[in-house]
Amino acid sequence: MSFNDDVGLDTSQVESGGGGGAPGGLVVGGGLGGIIMLIIALIFGINPSDLPTGGGGGSSSDQQVDGTSASGQDFEKCKTGADANADVQCRVIGTVNSVQAFWTEELPRYQKQWQPTKTVLYTGSTQSQCGTASNQVGPFYCPLDQKVYIDADFFSILSEQFGADEGALAQEYVVAHEYGHALQDQLGLLGRAQQDPQGPNSGGVRIELMADCLAGVWAKSASSTNGPSGKPYLKELTETDIKSALSAAAAVGDDRIQEKTQGQVNPESWTHGSAEARQRWFLQGYKTGDLNKCNTFNVDRVS
């Protein structure tokens with residue numbers, strides 16, 4: 001999905017962080033009333049040991065100041081939709097802008113208000129209140145600091161190691177999925193993943209598939225979601241765009257990941273759903289454009 005070249009980007013919705021450091025801190029407690037929560041249960045289901053490390057020593061969390069981070073990332077290059085079409089970091093920023101604008105407009109229909117949620121766009125690794133963010137755990141939403149964490153290099157891993165294509169909507173889907181978790185948190189649903197974390201129809205899987213569906217709801221209206229200038233962020237989706245998103249959804253299916261990394265599939269250990277289910281629930285959101293159609297807890301089976 002391409003951005004309209006002349007739409008403006010808002011870099012204030014992202015922060016910068018990172019610059020190396022060994023990953024760690026995969027569990028948190030206390031902040032959730034003493035319940036230990038595995039961050040891996042909130043992200044894409046990729047086994048940390050199967051991805052490359054961030055390298056280096058130590059870790060950092062550098063906040064954006066006037067578009068430039070202490071670790072040297074300069075988001076001032078991301079001014080327009082043309083920049084988002086040309087640069088992956090700018091594409092993440094543009095997608096964050098679009099997703100937040102969509103939910104800001106959409107939620108009042110359901111008597112809810114969207115709470116602005118920042119993305120930390122980092123390189124290597126950075127610290128979150130949920131532990132160290134790195135490509136060993138992939139993109140995730142941290143409910144303790146209410147931020148999304150993404151290293152844009154993850155998209156290369158997704159395509160090169162797990163078979164997603166390199167299309168823009170495959171990358172934008174990842175961002176929209178994580179903002180689906182932010183919405184679940186705001187609606188008081190996210191904790192249900194921990195009550196029943198594993199299995200093909202578990203609460204954990206239902207939460208993940210709901211986030212896929214919510215990403216589809218955004219995609220349905222993305223080309224009519226305007227920026228501050230009144231111009232839409234994104235152009236109309238094409239069939240190629242949808243195939244791109246579906247390739248990413250399939251690539252992070254539990255069955256695909258297990259088959260590739262373990263050589264066998266064990267549905268009872270699933271936390272995110274099969275490739276088929278992830279594609280199906282994204283399409284559910286995309287075809288209906290209806291938040292209510294994403295209630296994965298209202299059906300007997302999801303996988």
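None of the values given here were measured: they were computed from a predicted structure.
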With no hydrogens and no angle check, do the side chains of [X] and [Y] hold a donor and an acceptor under 3.5 Å apart?
X	Y	answer
Ser269	Gln258	yes
Gln100	Gln13	yes
Tyr110	Asn292	no
Asp153	Ser156	no

Counting C-beta onward and ignoring hydrogens, is there a side-chain heavy-atom pair between [X] and [Y] closer than 4.5 Å?
X	Y	value
Gln89	Leu121	yes
Lys235	Ser223	no
Leu169	Glu172	yes
Arg278	Tyr173	yes
Phe140	Ile150	no

Would the distance check show the side chain of [X] and the main-chain N or O of [Y] forming a donor-acceptor pair, the cut-off being under 3.5 Å?
X	Y	result
Asp196	Gly203	yes
Gln186	Gln115	yes
Asn97	Leu9	no
Asp212	Trp281	no
Arg256	Ala275	no
Asp185	His181	no
Ser98	Gly94	no
Gln184	Ile207	yes
Ser244	Ala170	yes

Just how far is it from atom [atom1] of [X] to atom [atom2] of [Y], taken to the nearest 0.5 Å?
X	Y	atom1	atom2	answer
Thr126	Asp151	OG1	CG	10.0 Å
Lys287	Ile242	NZ	CD1	10.0 Å
Phe282	Trp218	CZ	CH2	7.5 Å

If you count every heavy atom of other residues, nucleotides or ligands that lies below 6.0 Å from [X] atom [atom1], does the total exceed 12?
X	atom1	result
Glu276	CD	yes
Lys293	NZ	no
Arg280	CZ	yes

Original post:
Where do Thr132 and Gln127 land on the side chain to side chain donor-acceptor pair (under 3.5 Å) test, with the steps shown first?
Top reply: CA-CA 5 Å; Thr132 300; Gln127 287 297 317; 2.6 Å; yes

Closest non-hydrogen atom pair, [X] against [Y]:
X	Y	answer
Leu144	Cys130	CG-SG, 3.8 Å
Ala277	Val302	CB-O, 3.6 Å
Arg91	Asn85	NH2-O, 3.0 Å
Arg301	Asn201	CA-OD1, 3.1 Å
Ser303	Gly273	OG-CA, 4.1 Å
Ile257	Ala251	CD1-O, 3.4 Å

**OP:** Could you give me the CA-CA distance, side-chain angles and deciding distance for Ser274 and Gln279, then say whether side chain to side chain donor-acceptor pair (under 3.5 Å) is met?
**Re:** CA-CA 9 Å; Ser274 67; Gln279 290 179 316; over 6 Å; no

Original post:
So among Val7, Asn4, Thr95, which one has a side chain to side chain contact (heavy atoms under 4.5 Å, CB included) with Tyr233?
Top reply: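 Output: one option passes, namely Val7.
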
**OP:** Considering only NZ, NE, NH1 and NH2 on the basic side and carboxylate oxygens on the acidic side, decide whether Lys147 and Glu15 come within less than 4.0 Å.
**Re:**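 Salt bridge flag = yes for Glu15 with Lys147.
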
Original post:
Could Asp6 and Lys231 be called an ion pair, given the rule that one side-chain N must be under 4.0 Å from one carboxylate O?
Top reply: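 The answer is yes: the pair qualifies as a salt bridge.
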
**OP:** Verify side chain to side chain donor-acceptor pair (under 3.5 Å) between Tyr141 and Asp145, making sure each step is shown before the conclusion.
**Re:** CA-CA 9 Å; Tyr141 169 73; Asp145 58 26; over 6 Å; no

Subject >> Trace of the side chain to side chain donor-acceptor pair (under 3.5 Å) decision for Thr119 with Tyr179 >> reply: CA-CA 9 Å; Thr119 283; Tyr179 272 87; 2.9 Å; yes

**OP:** Could you tell me whether Arg192 sits above the aromatic face of Phe297, with NZ or CZ closer than 6.0 angstrom to the six-membered ring centre and within 45 degrees of the axis?
**Re:**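 Judged by the rule, Arg192 and Phe297 form a cation-pi pair.
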
